[in-house]
Amino acid sequence: MKSFRKYISEISGLRFIYENLELNSSAGRKRLLNCQLLTKEFELKVNIQSLSETYEFVKTKKNKEFVSNICRTLSQINDISASISNIQFNRVSDDIELFEIKKFCINSQRVLDLIKKSGFSLILLHDLSEVIEILDPQNTKIPAFYIYSDYSPELSDLRKQKDNAKTVEQAEELRLKCLEIEDKIRKELSKKIAKYVNKLEYNLNRLADFDILIAKAKIALKLSLTEPKFTQEITFYHGLFNPQIKSILENQNKVFQAIDIEIPTFPTLITGANMSGKSVLLKTVALSQFMFQFGFFVPAQKAEILPVEEILLSIGDNQDELNGLSSFAVEILNINKIISKAKSSTKILALIDEPARTTNPDEGKAIANAIVEILSKLEVSSLICTHYSGINARKKLRVKGLQNISENENINIENINDFMDYSLVSVEDEKAPAEAIRIAEILGADKELIEKARKKINKI
Amino acid sequence: MPFLKEILKYKSLAIIGTEKNTGKTECLNHIIQALKHSNKTIAITSIGLDGESLDQVTETPKPEIEIYQNTIFLSSEKHFSQKQITAEILNVSEKQTALGRLVTARAIDTGKLIFSGPPDTKWLKEEIQNSQKYGVDLFLVDGALSRKSTASPSVTESMILTTGAALSANIPNLVKKTKLLTELIKLPIFESNLIDELLQIENGVWAIDSENIIHNLEIQSSLLLNKTKDKLYSKGNIIFASGIITDNILDFMRIQKNIKETVLIVKDFTKIFVSQESYKSFVKAGGKIFVLLKPKLISICVNPLSPNGFVLDSKKLREELYKAVKLPVYDIKALD
C-alpha cells in the first residue's frame with residue numbers, strides 16, 4: 001500500500017494541501033507522511049468524527065489561546081521513536097536519548113494539563129510524571145539532562161575529588177572512575193524507563209495525531225473545506241472546487257466556478273469542448289476522494305462520498321514516457337489495471353481522461369466504447385471524459401462550454417475563461433461538441449490553419 | 001586583559017583567523033579564561049569546516065578549547081559524544097549537520113573540547129538568538145576564513161581578527177594583507193529593507209532595479225562571468241553576488257562604462273577573495289562595494305610564530321600593524 005508521502009508527488013493538488021498544512025511537530029509530519037489510505041468505513045468514520053470535533057473546537061473563538069498554547073507545546077514534540085525503540089530492545093540509552101525522553105515527557109505532561117483545563121476530551125494521554133521523576137532527580141521540571149550527582153553519592157564524591165585533583169594523572173583516573181559509575185547509572189535508568197516504553201510510544205502517536213488533527217482543522221477553515229458525509233450509493237458533490245486553482249484565480253481577482261456532480265456506481269461519460277475543464281474536473285474528483293480517504297475535509301460546499309478500496313487514474317500527465325513507453329502504452333497499462341482491479345471485485349473509483357485519444361479515431365472509439373461497456377458490466381464508479389461521439393453510456397454529461405457570446409465579442413486566450421460555463425448538464429444525444437476549430441482560433445492559431453480546417457470539415 | 005571591556009559591550013563575538021595557525025585558538029582560550037571569574041555566561045561554538053578534528057592543511061590535530069563550568073557550548077553529536085567533560089544537555093536540534101544533530105549543553109566541570117557547530121549562517125543566527133533563553137551574555141564563534149565554509153561569522157556583533165607569520169613570513173607583506181582585510185571588514189552596510197531577503201539567497205548573481213525589486217540574473221556565480229557578461233547589467237547597476245567574489249568580477253566591472261554607477265553587494269567580507277591590486281583599481285575607478293553584514297572589528301591579535309618554526313619580531317609586527325590599521329593590536333602570548 002502506498003503512503004501519503006507517495007501520493008503527494010502523484011496526485012495533482014495534494015502537494016498544495018500538504019504545503020498548506022500547519023503541522024507543528026516532526027512527529028506529526030512523519031506520521032502523516034507514512035499514513036495510508038483509509039478504506040474501512042469504520043476507520044473513516046472515526047477519523048472524520050474526530051476531525052469534526054477538533055474543527056468545532058479550533059473554530060470556537062474562546063479556544064483560540066488554548067489552541068495556540070497547544071501548538072506551541074506540540075512544536076516541541078520531536079520524533080523520538082528511535083530513542084524509544086532503543087530502550088525497547090534493552091539497549092542502554094546515551095545522555096542525548098535520555099534528554100529527548102525527558103523533554104518529550106515534560107511536553108507531553110504540558111499538553112495533558114492543557115487538555116484537562118480546556119475540557120477537550122478527544123485526545124487521551126498517559127500520565128508520564130513517573131518517567132520525569134526518574135530523569136529529574138533535582139525536580140526542576142526543566143528539559144535538560146545529564147547524569148546528575150544526585151543519582152549516586154559515590155559519583156558526587158568522585159566528582160568533587162576530581163575537581164580538586166592535584167595532578168593531571170589523578171584527575172584523569174578519577175574521570176575514568178566517574179565514567180564507569182555514569183555508565184552504570186545510564187544502564188539503571190534505561191532499565192527503569194523500559195517499563196514505560198508502551199506508554200511513551202502511545203503518547204508519541206497520540207500527540208502526533210493531535211497535531212495532524214489540528215492542522216487538518218486549520219486547513220479546513222483556511223480553504224473552506226467541508227465535512228463529507230458517507231454514502232453507500234451515489235457520490236455527490238455540490239459546489240466542488242479545486243483548492244489550488246481557486247487560490248491562483250483568487251490572486252488574480254477571478255472566481256473559480258464550483259461544480260455539482262453525481263458519481264453513481266456505473267460509468268458516467270463526460271463530453272465538452274477543449275478548455276472546458278474536463279481534466280480539472282477529474283483531477284479535482286480524484287483529489288477530493290484522496291482527501292476524504294486520508295481523513296481530511298473535502299473541497300466542496302456539500303459532499304456525500306462512497307469510500308472505495310482504490311482510486312485509479314488514467315489522466316495522462318505522468319512521466320512514463322521517460323521510461324521508454326509511449327503515451328498510448330502508458331494509458332493501456334493504466335486502463336488494464338483499472339479493469340483487472342474491477343474484475344477482482346476490488347471496490348474502485350476510476351477516473352479516465354480521454355481514453356484511446358492517441359491512436360486512430362476509429363479504433364480509439366472502439367476501445368473507448370469497450371472500456372465503458374466493461375466498466376458498466378462490472379458496476380465501477382467511474383468518470384470518463386471523451387471527445388468521441390457515439391459512445392454508449394447509461395449516463396452522459398456535457399460541460400456547457402462557451403456561453404452568451406455576442407457577435408462582436410473579442411475572445412482570446414486571456415479572457416476565454418470568462419465566457420466558459422463549466423457546469424455540467426445531462427444529455428441524451430450521442431454527439432460530442434465540435435468546437436475544436438473555434439477554440440483553436442480563440443487561442444490564436446494560424447489563420448490559414450483555421451480556414452483550411454473549416455473547409456475540410458464542411459466537405460465532410 | 002586589555003580588550004575585555006570592549007568585548008563585553010557586545011552580545012556576540014567571532015574570532016576569525018586570516019590563515020591557519022594564526023593563533024585563533026589561543027585567542028579564544030585567552031578570552032574564555034579572562035572571563036572565567038566574571039559572572040558572565042558565555043556560549044561558544046565553531047563554524048570551522050565540519051569534522052575538522054585534524055587541521056585540513058597541516059594535518060596536525062585541531063587544538064582543543066578549554067571551557068569552564070557553566071559555559072554553554074554547541075557541538076554536533078559526533079564531537080559531543082567524544083567530550084571529556086560532564087555536560088548538561090539543554091537542547092538537541094531536529095535538523096542534522098554532517099556530523100549529526102546539534103547539541104546545546106552546559107559544562108558542569110572544566111575541560112577541553114573539540115566542537116563543530118551550525119553549518120550555515122541562518123542556523124548560526126538562530127542559535128545566537130536562542131542562546132538568550134539560557135541567559136548568555138557573550139556568544140563566541142570560532143570562525144574561519146574559508147571558501148568552503150557556508151556559515152558566515154559576520155552574524156556576530158563584533159569580531160577579532162587573528163593574523164601572523166602563518167599568513168606571511170615578511171612583515172611588510174603581512175601588514176599589507178592584513179590591512180586589505182581590515183578595509184574589507186570596514187566596507188559599509190548596504191542600507192535597504194531587502195537585507196533579510198538577500199541573505200536568504202544561496203546561489204547566483206542578482207540585481208536590484210530602480211524600483212527596489214530583486215531579479216535573478218541567471219548567472220550561476222560571479223566566477224562564471226565570462227559566458228554571461230551581457231546579462232550582468234540587464235537590470236541596472238546594483239549587483240548582488242550571493243557567493244564569493246574574486247578579482248575577475250572587479251576587473252570586468254572596472255573597465256565598463258558604467259563603473260562610476262556600479263554598486264556591488266556581497267553578504268560580508270568573508271565572501272571577498274580579491275587581490276589588493278584589483279580591489280584598489282576597482283575603488284579608484286569609482287566602483288563601490290557594500291556588505292549585508294558587518295561586525296565591529298575590535299582588535300587584531302598576532303601570532304609571530306609560523307607553523308614551520310619561523311619567528312617574527314612581535315613588537316615590530318604590532319607597531320607596523322597598528323600604524324597601518326589604527327586598531328589595537330595584541331600578541332596574546334606576550335601579554336602575560
Side-chain angles (χ1 to χ4, degrees), chain A residues 23-30 75-80 82-83 93-104 106-107 135-138 140 142-151 155-156 158-165 168 171-179 181-183 185-186, chain B residues 29 36-37 41 43 45 64 66-117 123 126-127 129-136:
Chain A
L23 288 165
N24 296 290
S25 68
S26 60
R29 189 168 297 277
K30 189 177 162 197
S75 72
Q76 298 293 314
I77 300 288
N78 295 1
D79 173 28
I80 61 155
S83 300
S93 302
D94 64 19
D95 290 4
I96 293 179
E97 288 166 333
L98 292 171
F99 164 79
E100 282 202 305
I101 290 171
K102 181 173 173 181
K103 183 181 169 191
F104 171 77
I106 288 172
N107 285 309
L135 295 172
D136 190 17
Q138 299 179 330
T140 59
I142 293 168
F145 182 77
Y146 73 108
I147 303 294
Y148 297 94
S149 295
D150 309 58
Y151 281 123
L155 178 64
S156 162
L158 278 169
R159 278 181 178 165
K160 273 180 208 145
Q161 282 183 40
K162 192 192 92 177
D163 288 345
N164 299 318
V168 179
E172 182 60 14
E173 197 183 313
L174 287 161
R175 189 178 75 83
L176 293 174
K177 274 189 188 164
C178 286
L179 281 186
I181 300 176
E182 284 176 18
D183 280 342
I185 294 170
R186 282 187 195 101
Chain B
N29 277 331
K36 185 178 161 189
H37 296 296
T41 305
T45 194
E64 295 174 327
E66 177 145 33
I67 62 166
Y68 298 94
Q69 203 179 353
N70 278 332
T71 304
I72 311 266
F73 62 93
L74 287 82
S75 191
S76 68
E77 259 176 290
K78 185 187 168 200
H79 286 137
F80 183 80
S81 62
Q82 291 169 357
K83 72 183 180 351
Q84 303 206 338
I85 62 166
T86 313
E88 181 178 37
I89 300 171
L90 303 175
N91 194 32
V92 180
S93 73
E94 289 213 68
K95 283 185 284 188
Q96 296 271 345
T97 74
L99 298 170
R101 292 168 294 177
L102 193 67
V103 180
T104 306
R106 185 195 308 275
I108 301 293
D109 56 11
T110 298
K112 286 184 173 175
L113 270 183
I114 296 176
F115 44 91
S116 44
W123 194 343
E126 283 166 12
E127 292 297 345
Q129 273 159 7
N130 279 343
S131 70
Q132 296 296 321
K133 66 177 176 218
Y134 309 120
V136 169

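Since we're looking at a predicted model, the values are computed, not measured. Just so we're on the same page: letters track the sequence lines, and every chain starts at 1.
Side-chain contact between B/Ile89 and A/Tyr146 is absent, with no heavy atoms from C-beta onward closer than 4.5 Å. Residues A/Lys103 and B/Asn91 are in side-chain contact: their nearest non-hydrogen atoms beyond the backbone lie under 4.5 Å apart.
For B/Thr86, the part lying under 4.5 angstrom from a heavy atom of chain A is the side chain only. Only the side chain of B/Val103 comes within less than 4.5 Å of a heavy atom in chain A; its backbone stays farther off. For A/Asp163, the part lying near chain B is the side chain, with the backbone staying farther off; criterion is any non-hydrogen pair under 4.5 Å. Heavy atoms of B/Gln69 lying under 4.5 Å from chain A are absent altogether. The contact between B/Arg101 and chain A is made entirely by side chain atoms (from C-beta outward), counting heavy-atom distances below 4.5 Å. For B/Ile108, the part sitting under 4.5 Å from any heavy atom of chain A is the side chain, from C-beta outward, and nothing else. Neither the backbone nor the side chain of A/Lys102 comes within contact range of chain B; no heavy atoms are under 4.5 Å apart.
For CD of A/Glu173, the number of neighbouring non-hydrogen atoms (other residues, nucleotides, ligands) closer than 6.0 Å is 12 at most. Surrounding NZ of B/Lys95 are more than 12 heavy atoms belonging to other residues, nucleotides or ligands, all under 6.0 Å away.
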Trace of the side chain to side chain contact (heavy atoms under 4.5 Å, CB included) decision for A/Asp94 with B/Phe80: CA-CA 11 Å; A/Asp94 64 19; B/Phe80 183 80; over 6 Å; no
Worked check of side chain to side chain contact (heavy atoms under 4.5 Å, CB included) between B/Glu88 and A/Tyr148: CA-CA 9 Å; B/Glu88 181 178 37; A/Tyr148 297 94; 3.1 Å; yes
